[in-house]
Amino acid sequence: MDFTLSSDQAMIKDSVDRFVADNYEQRQRAELVASQDGFSREHWAQFASLGWLGIAFPEERGGFGGSPVETMIIAEAFGRGLVLEPFVPSVVLGGTALAYGGTSKAHHDLLEAMIGGEKLLTFAYAEERSRYDYGLIETQARADGDDLVVTGKKLAVPFAAAADTYVVTVRTSGGKRDPDGVTVLLVDRDMAGVTRTDYRTVDDRRASTVTFDGVRVPKANVLGETGKGLPLVERIIDAGIGAVAAEAVGNTSVLLRRTVEYLKTRKQFGVPIGSFQALQHRAVDMLIATELARSITFYGTMALADDSSAAERMKALSATKVQIARSGRVVGESAIQLHGGIGMSEEYVIGHYFKRISMIELEFGDSDFHLGRYVALGKQLAGAHSNGEARGAAHASPAEAVARA
């Protein structure tokens, strides 16, 4: 299979690489980390003007008709630079929600505003007891006339303080684990009853605990069909996995490069420590892990571009997440160990890459969860194909698939 970038994709890669080189030296990034938003609004406007925010969306929605491949290219470059702007929360998560769940002109207008850089979005789905079960939702939305009254709490909502609109998962019917009864809706940050507790995360990003206390949301804000939103949630999560996997490849490639450079220059006993065979073996292990991460990210990206089977897509993205976690741990821990104490210092960049890749391991489900989901979906698909019922497996929730394994 040919993984060579097209001429347009190569131009995108070059432009993103230039942006990172010009704007994300360690000192420049530290200034952004310390700023009020934790990222640059000027950079965000530049992303919009260059078309990066709409590159993977249909042209009729204000996008440029690209694919998950273009998202992968941008995310990998952002991973190399530890870029702080909320590309994944707003574009990948929020944009996917609107692209696949938007049914009205207002929804389409919001997507166009996001693509134009006028609106920021984020995805609020994690709860205190949900862990990685996307369908375990205790935030309630009660119908009252033309509104839904939302009550509940969402944790670790990325860049909630800066986002204009939240894509929120709620329960409109059924028990807290029922696959039916899940609804996805849009909640504006400034609606009455929305409160936040903001904080900085381990990897220098921003997140919030968002509480909804009787927030009245118009029913017109529902994305997709009321009570049938779990497949949309799973689609959003899988898109997020694909993007952070590409970001992790960018992280590991820099960790590998910087570590090899250090081995060539750091001397012990009068010779570069890179001349020691044991350390050469460790560097080779890092290279292999990085290339495995790159290969599985290609696989996950291709699965995102194929809408024929939700179960096959979910299985592929779980495989991607497992390998990304394994590669990230091998490369990150080796980079720290081979650098020694300097690798953990705040002033040296290696520790910052290690923190980011450690957080990626936990985003959207850790390796244990996704290994279980991969096995469960594999069993379901095998049984469904043998019975000629592949569609039945496609609509099982991750929690149901894991529980049945």
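Hydrogens, waters and symmetry mates play no part in the numbers below; they use all other heavy atoms, side chains included. Predicted model, so just to flag it, every value in this text is computed and none were measured.
Between Asp17 and Arg80 there is a salt bridge, since a side-chain N of the basic residue sits under 4.0 Å from a carboxylate O of the acidic one. Under 4.0 Å is where a charged nitrogen must lie from a carboxylate oxygen, and between Arg18 and Asp22 no such pair does. The pair Asp238-Arg373 meets the salt-bridge criterion, with a side-chain N (NZ, NE, NH1 or NH2) lying under 4.0 Å from an Asp/Glu carboxylate O. Using a cutoff of 4.0 Å between basic side-chain nitrogens and carboxylate oxygens, Arg356 and Glu363 are scored as salt-bridged. A salt bridge links Arg205 to Glu247: one of the charged nitrogens lies within less than 4.0 Å of a carboxylate oxygen. Between Glu346 and Lys355 a salt bridge is recorded (basic side-chain N to carboxylate O distance below 4.0 Å). Remark: Arg313 does not engage Glu234 in a salt bridge, criterion side-chain N to carboxylate O under 4.0 Å. A salt bridge links Arg294 with Glu291; the closest basic N to acidic carboxylate O contact falls under 4.0 Å. A salt bridge does not link Lys119 to Asp188: none of the charged nitrogens lies less than 4.0 Å from a carboxylate oxygen.
The two residues Asp203 and Thr201 have their closest heavy-atom pair at OD1-OG1, 2.6 Å. Of all the heavy atoms in Ala160 and Tyr166, the pair that sits closest is O-OH, 2.8 Å. Between Leu121 and Ala163, the shortest heavy-atom distance links the atoms C-CB, 4.0 Å. Considering every non-hydrogen atom in both Arg29 and Gly81, the closest pair reads CD-O, 4.2 Å. Contact record, Ile115 with Gly63: CD1-N, 3.9 Å, taken as the closest heavy-atom pair.
Proximity of a side-chain donor or acceptor of Ser334 to a complementary backbone N or O of Val331 within less than 3.5 Å is not detected. Between the Glu312 side chain and the Ala303 main chain, no donor and acceptor come within less than 3.5 Å of each other. Remark: the backbone N or O of Phe364 is paired with a side-chain donor or acceptor of Tyr134 at under 3.5 angstrom. Put simply, the side chain of Arg171 never gets that close to the backbone of Leu136: no donor and acceptor are under 3.5 Å apart. One N or O on the side chain of Ser15 and one on the backbone of Ile12 form a donor-acceptor pair closer than 3.5 Å. Checked by atom type and distance alone, the side chain of Thr301 never pairs as donor or acceptor with a backbone atom of Val69 at under 3.5 Å. With Glu127 contributing its side chain and Thr139 its backbone, the two residues share a donor-acceptor pair below 3.5 Å. Gln26 contributes a side-chain N or O that, together with a main-chain N or O of Glu347, makes up a donor-acceptor pair within less than 3.5 Å. In this structure, Ser40 contributes its side chain and Glu42 its backbone to a donor-acceptor pair below 3.5 Å.
A heavy-atom distance below 4.5 Å is found between the side chains of Lys228 and Asp180. Between Tyr199 and Thr209 there is a side-chain heavy-atom pair separated by less than 4.5 Å. Leu186 places a side-chain heavy atom less than 4.5 Å from the side chain of His107. Side chains of Phe123 and Thr169 form a contact here, defined as non-hydrogen atoms less than 4.5 Å apart. Contact annotation: the side chain of Lys321 never approaches that of Leu317 to less than 4.5 Å [non-hydrogen atoms, C-beta and beyond]. Within the 4.5 Å cutoff, the side chain of Ser367 has no heavy atoms near those of the Arg326 side chain. Leu256 is not listed as a side-chain neighbour of Thr252, based on a closest heavy-atom distance of 4.5 Å or more. Side-chain atoms of Leu120 and Arg189, non-hydrogen and from C-beta on, never get closer than 4.5 Å to each other.
Residues Tyr262 and Tyr348 keep their aromatic ring centres 6.0 Å or farther apart. Ring to ring, Phe87 and Phe47 are not that close: their centroids are 6.0 angstrom or more apart.
Under the side-chain contact (heavy atoms from CB on, under 4.5 Å) test applied with Leu223, the options Leu185, Leu98, Val168, Thr103 reduce to a single match, Leu98.
In this pair, His43 and Tyr24 present their aromatic rings tilted. The plane angle is within the 30 to 60° band.
Atom OG1 in Thr320 sits 10.5 Å away from atom NZ in Lys315 (nearest 0.5 Å). Atom CG of Leu82 and atom CG of Leu32 lie 12.0 Å apart (nearest 0.5 Å). With rounding to the nearest 0.5 Å, the separation of CZ in Arg266 from CG in Leu338 is 12.0 Å. Between atom NE2 of residue His339 and atom CG of residue Leu255 there is a gap of 8.5 Å, rounded to the nearest 0.5 Å. The structure places OG of Ser309 at 9.5 Å from CE of Met314, a figure rounded to the nearest 0.5 Å.
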Run the side-chain hydrogen bond (donor to acceptor under 3.5 Å, both in side chains) check on Ser130 and Lys176 step by step: do they pass? CA-CA 10 Å; Ser130 66; Lys176 63 183 180 181; over 6 Å; no
Walk me through whether Asp133 and Arg177 qualify under salt bridge (charged side-chain N to carboxylate O under 4.0 Å, His left out). CA-CA 9 Å; Asp133 183 353; Arg177 289 183 181 272; 3.1 Å; yes
Could you give me the CA-CA distance, side-chain angles and deciding distance for Arg200 and Asp204, then say whether salt bridge (charged side-chain N to carboxylate O under 4.0 Å, His left out) is met? CA-CA 6 Å; Arg200 202 166 112 183; Asp204 293 327; 3.1 Å; yes
Tell me, with the steps shown, if Met114 and Ser90 meet side-chain contact (heavy atoms from CB on, under 4.5 Å). CA-CA 8 Å; Met114 186 278 293; Ser90 187; 3.7 Å; yes
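A donor-acceptor contact closer than 3.5 angstrom links the side chains of Ser308 and Asp306.
More than 12 heavy-atom neighbours from other residues, nucleotides or ligands sit within 6.0 angstrom of CD on Glu60.
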